[in-house]
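What follows is a single structure, written as structure tokens, with notes after it.
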Amino acid sequence: MATQRTSFEPGLAVSAVFDQIGPLQEQLAQIAVILEPIQQLSELASVFEPLREFEGRIRDLAKVLAPMHNFQHQLQQVLKQFSPLETLDQELSQLCLSFRESLSQLATALEPAAALQDRLAHLCTVFEPAKALRQEFSALAQIFERSSTDLPQ
């Protein structure tokens with residue numbers, strides 16, 4: 001029985017070891033593609049500072065309008081005696097209703113951003129192993145780098 005001697009090919013041996021993670025590397029490459037839209041999302045987040053300023057102004061306006069709201073409540077108690085004031089009551093009610101609807105619409109418009117924040121928090125947890133794995137693989141690569149420099153030439 002003749003024995004065939006095959007030569008050891010280091011490149012093929014290493015390829016055989018790492019071929020099994022080829023699909024995983026493709027998935028990791030897809031993560032890199034997603035980074036650009038995430039950057040765009042970061043830029044869109046600049047909308048929150050003007051909204052915070054607007055919220056402060058609306059809060060101040062609500063403080064100013066609070067006495068008007070109390071006045072309207074008191075007015076409603078005497079409307080039966082002074083029916084001509086019903087128009088004023090209706091206008092005050094319409095003003096309050098319009099403010100409430102506009103604020104509710106703004107709150108609804110912020111729901112996707114709040115949902116995104118929840119998803120991002122979840123993603124941070126899911127991607128937490130990435131940093132540790134990157135450091136571990138880099139450390140292993142450095143071990144092999146040192147080993148290869150120690151070899152005789």
Side-chain angles (χ1 to χ4, degrees), residues 10-149:
L12 289 176
V14 171
S15 291
V17 170
F18 284 91
D19 280 348
Q20 60 187 333
I21 63 160
L24 299 176
Q25 287 178 309
E26 289 174 19
Q27 287 177 317
L28 290 171
Q30 289 176 354
I31 292 171
V33 172
I34 293 172
L35 288 176
E36 179 61 30
I38 289 175
Q39 178 60 36
Q40 291 172 349
L41 281 173
S42 296
E43 292 167 7
L44 286 174
S46 65
V47 71
F48 296 120
E49 185 58 33
L51 279 174
R52 174 60 64 197
E53 292 171 10
F54 180 74
E55 186 271 338
R57 292 194 313 260
I58 291 295
R59 185 175 301 280
D60 292 343
L61 180 59
K63 289 176 186 174
V64 169
L65 294 179
M68 181 196 69
H69 189 66
N70 292 335
F71 168 72
Q72 182 187 13
H73 179 68
Q74 292 171 352
L75 180 63
Q76 288 172 348
Q77 295 175 9
V78 294
L79 281 180
K80 292 179 185 173
Q81 299 168 3
F82 302 100
S83 58
L85 294 177
E86 284 181 14
T87 304
L88 176 60
D89 179 57
Q90 290 171 356
E91 288 177 0
L92 292 174
S93 292
Q94 183 59 41
L95 178 67
C96 289
L97 178 66
S98 294
F99 265 103
R100 186 179 74 235
E101 287 175 352
S102 294
L103 290 170
S104 293
Q105 288 172 358
L106 186 53
T108 300
L110 285 164
E111 286 176 5
L116 177 63
Q117 182 187 20
D118 291 342
R119 284 191 167 179
L120 289 174
H122 175 72
L123 282 174
C124 285
T125 302
V126 171
F127 278 85
E128 188 63 33
K131 285 183 181 178
L133 286 168
R134 182 190 64 190
Q135 290 171 344
E136 291 168 13
F137 285 126
S138 292
L140 288 170
Q142 288 176 353
I143 290 169
F144 282 97
E145 180 180 323
R146 279 186 239 126
S147 297
S148 65
T149 58

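Predicted, not measured: the structure shown is a model, and the values here were computed from it. Values below: every heavy atom of this structure, side chains too, minus hydrogens, waters and symmetry copies.
Interatomic distance, CD1 of Ile21 versus CG of Leu28, reported as 8.0 Å (0.5 Å rounding). One finds the CG atom of Leu97 at 12.5 Å from the CG atom of Leu92 (value rounded to the nearest 0.5 Å). Expressed to the nearest 0.5 Å, how far CD1 of Ile38 lies from CG of Leu123 amounts to 7.5 Å. With values rounded to the nearest 0.5 angstrom, Thr87 atom OG1 is found 5.5 Å from Gln90 atom CD. For the atom pair CD (Gln39) and CG (Leu44), the distance works out to 10.5 Å, reported to the nearest 0.5 Å.
Glu36 places no side-chain N or O within 3.5 Å of a backbone atom of Val33 that could act as its donor or acceptor partner.
In the displayed structure, Gln76 atom CD is contacted under 6.0 Å by more than 12 heavy atoms of other residues, nucleotides or ligands.
Contact of the Phe82 side chain with the Asp89 side chain is not registered, since no non-hydrogen atoms from C-beta on lie closer than 4.5 Å.
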Less than 3.5 Å apart, which donor and acceptor atoms pair up between the side chains of residues 49-70 and the rest of the protein, not counting sequence neighbours?
residue	atom	partner	partner atom	Å
Glu55	OE2	Arg59	NE	3.0
Glu55	OE2	Arg59	NH2	2.4

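Applying the side chain to side chain donor-acceptor pair (under 3.5 Å) test to every pair with at least one member in residues 96-116, sequence neighbours left out, gives these pairs: Gln94-Ser98.
Considering only residues two or more places apart in sequence or on other chains, Glu91 meets the salt bridge (charged side-chain N to carboxylate O under 4.0 Å, His left out) condition with none of them.
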